[in-house]
Structures are given as C-alpha cells and as structure tokens.
Amino acid sequence: MNDKYIAEDIVYAGVDDKEIDLFESQYIVPNGVSYNSYIILDEKTAILDTVDGRKTEEWLERVQEVLGDRIPDYLVISHMEPDHSGSLEALVKRYPDICLVGNAKTFAMLSQFTSVHVEGHCVTVAEGEVLSLGSHTLQFFMAPMVHWPEVMVTYEQKERILFSADAFGKFGALDTEEDWACEARRYYFNIVGKYGGPAAALLKKAGTLDIQVICPLHGPILKENLEYYIGKYQTWTSYEPEDEGVLIAYASIHGNTAKAARRLAELLEEKGVKKVVVSDLAREDMAEVIEDAFRYDRMILAAASYDAGVFPCMESFLNHLKAKAYQNRKVGILENGSWAPSAGKVMRAALEGMKNITIVEPMVTIKSALKPEDGQKLEELAESMVQ
Ligand code: FEO
C-alpha cells in the first residue's frame, strides 16, 4: 500500500491547490489548501466528494488512475459548497451512469448549482441509513450547518473511518509541514465558527461511533491520537477559551493607539500574564486575529475614533466577532480621540450585543497620544484584566 491508501481498498484521491489567492475569496492560504476526495474499491465503487472546479482535470486524471477501467457506481456528496462539488458535472459527464448519493437537501441544492439530471441516478439517504458496497458499508449521519444545511458525514463500518466533511478540516496543502492546530483553528473559527452548536451536535453523534480514522474534506487524514483532535473540537465548539492569555487588537491611524496597545501589553506582562498577543487590525490577517480572539480568555480592544465612530478596521473586526458568535470572554476597551472620542461608545455597544461578555472597567480614553498622566488609567485597566 502506498501513502495514498488509507486502508486496503480505500484511497485518497484529492488534490492540492497552491495557486489560489484567497480561499472562499476571503482567506489567505499561504500554504494553499487541499480538496480531499476518496475512493472506495469494492464490489461497488464509491467516490466520496469531488473537488473545486479549479482542479477538475487534475482530479479526473487521479480518479482514472485509481479506478483504471472500472466505472464508479456511486458519488457520495457530503457537501454542495463548490470547493467540493465544483467537479460534479464533469464527473457525471465522464461517467453518465454514476449514481449520486445525498440527502433531500443535497438534491435541492444540486439543482441550484448544476444542470445535472438526477432522476433515475440518485439515492436519497436519511439519518443512520446505510449503503452496502460489498464488504464495506457506508452509514450516513446528517450534520446540518457544519457548515451548510445539506452537510452529511459518512461512517465506513469495516475500517471505522469517519468521512467528516468540513469538520476537522485545515488550511494548507497536504505536503505542508506545519502544526495542525494553528491552521485548523483558523479554519474552524472563520468558516464553521458561527455554528458551534451544530458542530457540537455532530461531535456527540460521532461519540457513539468507534472511529479509527477521520477523513476531512480539507487537510490531513487523522489516523493517530484522535482524542487530541476531538478534544480541540470539543473546546472550540463550546466557545470556551482554549488558553489563558490576552489578545490586544488595535486599530491605529498614525501609531499613537498602537503605542498605547504596546504599553498595555508591557503592563500585563509585568503583572504576570504569560501570553499577550498584540495585533494590528489594519495590517494583519483578520482571520488570524479572529482565531486568537477565540483562543484566549481575555481581549483588549484599542481603537482610534473616526468619522464620529470607530476606525473602520475595528468596526470590521467587531462585525466578524459578532458573526462568529464571539462570547464568554472578558474584554477591556481603550479609545483614542483628538476632539470628540467616539470609538469607545461604538466598541462597547458592539460588545454589549454579544453573549456573556464581561466589559472590564475602567474604559480608558486617551487624547491623541499617550502621556505620562495616562499611566494610571492604563495601570488600572491592566490590573482589572488580571483580576
Ligand atoms: Fe470546504 Fe464548506 O466547504
């Protein structure tokens, strides 16, 4: 068996994409991304998911290489998002007799995205139903909103493999050597994070299965130490902090708010906070800062006032946090303003609209630039953050 074999008769058939500029037209992927696809060779053959339309030709070659002269019997559709269904029409064109396996929501969506005619060529499955391929039996579990409503996962009973759709996915092509958690966390909170409840429900279902291998639709196949990955997902889906630490996210126009943010970081470190991350919202990857907001138990927002509101990159950050259901954290606020400071009011109102956020007092206001007389207020805010 070569490294493309996950088990005897179960083969990885996905492709890497290192040329994409932005995944989902918004996330930078410095090490690319993989679109995972799998093939099970049995009395019947099944392909589990296609790949993004950017890689159709390469993927079809790979499918042909694995299948040889065999004609695939089934295509299991876990998820209709185009990074997985983008080669579906091409596959059906090449293998017109293939039978599509999905749930009722899959087929409703399939007709929106494609002009494939499924009549007489589809099997509609429901929660817990099975499909026998011979010695391999596939069992389907619905995973709505992880990360679209039609998502389902497939449990292969013989080898005890969970094909987990977007869950347990990660940015980065498969030949990238990097820590799993960092890019899996950035992927989870930005892409699936809004749906922590549904993701937790999926984990609960998965907990009833004996799982030896997890095959996600992006990133590496997880074969060992599964409790580590599942443990991370249990934390992430619960919206509880993963680590103790303070993220200071700042939005600075001319550098003065940035200086105040860095001074706060020094004060926190002097007070014994072991992990302080300072992020420039105007320049750093927003998705990475979102990831850190969820990772740590505390956060300080520091922003300049702008147009009687808050500097736009902070507004954008707050919108992202709200959309991703940021909650259960302790947050401090620092505003800067030269004539009528307004940033604090906007930040406070946004935080008050989120669930279970404790706003740490005092909110600090600086006028234009940090001065020696601001020291006491910063000290008080830092002290409140460590209480
Ligand atoms: Fe990887 Fe939600 O698609």
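Ligands are counted one by one from 1 in listed order, and the atoms in each one are counted from 1 as well. FYI, the numbering just counts along the sequence from 1.
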Tell me whether the centres of the aromatic rings in Tyr188 and Tyr233 are closer together than 6.0 Å.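 Centroid distance Tyr188-Tyr233: below 6.0 Å, so yes.
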Measuring from atom CD of Glu227 to atom OH of Tyr229, what distance do you get when rounded to the nearest 0.5 angstrom?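 Going from the CD atom of Glu227 to the OH atom of Tyr229 covers 10.0 Å.
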Non-hydrogen side-chain atoms of Gln112 and Met80 separated by less than 4.5 Å: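 Answer no - side chains too far apart.
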Are Asn103 and Thr106 close enough that a side-chain donor and a side-chain acceptor fall under 3.5 Å?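 Yes, because at least one side-chain N or O of Asn103 sits under 3.5 Å from a partner of the opposite role on Thr106.
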In terms of the angle between their ring planes, are Trp148 and His79 parallel, tilted or perpendicular, with boundaries placed at 30° and 60°?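 Correct class here is perpendicular.
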For atom 1 (Fe) of ligand 1, what is the closest N, O or S atom on His218?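 Distance check against atom 1 (Fe) of ligand 1 picks out NE2 in His218.
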Sequence neighbours excluded, which residues qualify as side chain to side chain contact (heavy atoms under 4.5 Å, CB included) partners of Pro72?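 Expected list: Thr45, Ile47, Leu67, Tyr95, Ile98.
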Counting only protein N/O/S, how many atoms fall short of 2.8 Å from atom 2 (Fe) of ligand 1?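 For atom 2 (Fe) of ligand 1, the figure is 4.
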